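Structure first, then comments.
One is the number of the first residue; the rest follow in order along the sequence. As the structure is a computational prediction, the values presented were derived from the model and not from experiment.
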Amino acid sequence: MLTKLYLVSYNTIQFLGWSFLFYQMLNHLAGGGPVSELYAATATSLQIFQTGALLEILHAGFGLVRSSVQVTVQQVWSRWEQYLS
C-alpha cells in the first residue's frame with residue numbers, strides 16, 4: 001500500500017510539474033516572448049522535473065513497477081541525451 005501511495009504521489013507531482021512547465025511556456029509565448037528565450041524562461045522548472053524522471057530508473061530497479069531496468073534506462077537516457085551533449 002505504501003508503494004502505491006508513493007507512486008501516485010510521484011506521478012501526481014510529475015504531472016503538476018509538467019503542467020506548470022506547459023503553463024510557463026504558454027504564458028511566455030502569449031506574452032510576446034520570443035521562442036529563442038523560451039528555454040531561459042522555463043529552464044529551472046524543466047531541469048527539476050526532468051531530473052525527477054531519473055527516479056523512474058530506481059522504481060524499476062527496486063521492483064516498484066513492472067518495467068525492465070534496461071528499457072527504463074534507455075527511455076530516460078533518450079530524454080537526457082540532449083542535455084549531456
May I have the list of side-chain donor-acceptor pairs in residues 11-23 shorter than 3.5 Å, sequence neighbours left out?
| from | atom 1 | to | atom 2 | distance (Å) |
| --- | --- | --- | --- | --- |
| Asn11 | ND2 | Leu7 | O | 3.0 |
| Thr12 | OG1 | Val8 | O | 2.7 |
| Gln14 | NE2 | Phe49 | O | 3.2 |
| Ser19 | OG | Phe15 | O | 2.8 |

Q) Who passes side chain to side chain contact (heavy atoms under 4.5 Å, CB included) against Val71, sequence neighbours left out? A) Ser68, Gln75
Q. By side chain to side chain contact (heavy atoms under 4.5 Å, CB included), which residues pair with Thr51, not counting sequence neighbours?
A. Leu54, Trp80
Q: May I ask whether Ile48 and Tyr39 are part of the same hydrophobic cluster, defined by side-chain heavy atoms of I, L, V, M, F, W, Y residues being less than 4.5 angstrom apart, directly or through others?
A: yes
Q) Is a side-chain donor or acceptor of His28 paired with a backbone partner of Ala40 at a separation under 3.5 angstrom? A) no
**Q.** With Thr72 via side chain to side chain contact (heavy atoms under 4.5 Å, CB included) - residues at least two apart
**A.** Glu56, Ile57, Ala60, Ser67, Val76
**Q.** Results of ring pair (Phe, Tyr, Trp, His ring centres under 6.0 Å) for His59 - residues two or more places apart only
**A.** Tyr6, Tyr10
Q: For residues Ser45 and Gln24, report the shortest heavy-atom separation together with the two atoms involved.
A: OG-OE1, 2.8 Å
Q) Can Phe62 be reached from Val69 by stepping across I, L, V, M, F, W or Y side chains whose heavy atoms are under 4.5 Å apart? A) no
Q: Kindly write out the residues that satisfy side chain to side chain contact (heavy atoms under 4.5 Å, CB included) with Gln74, not counting sequence neighbours, or none if the list is empty.
A: Gln70
**Q.** Separation between OG1 of Thr42 and CG of Leu26, rounded to the nearest 0.5 Å
**A.** 11.5 Å
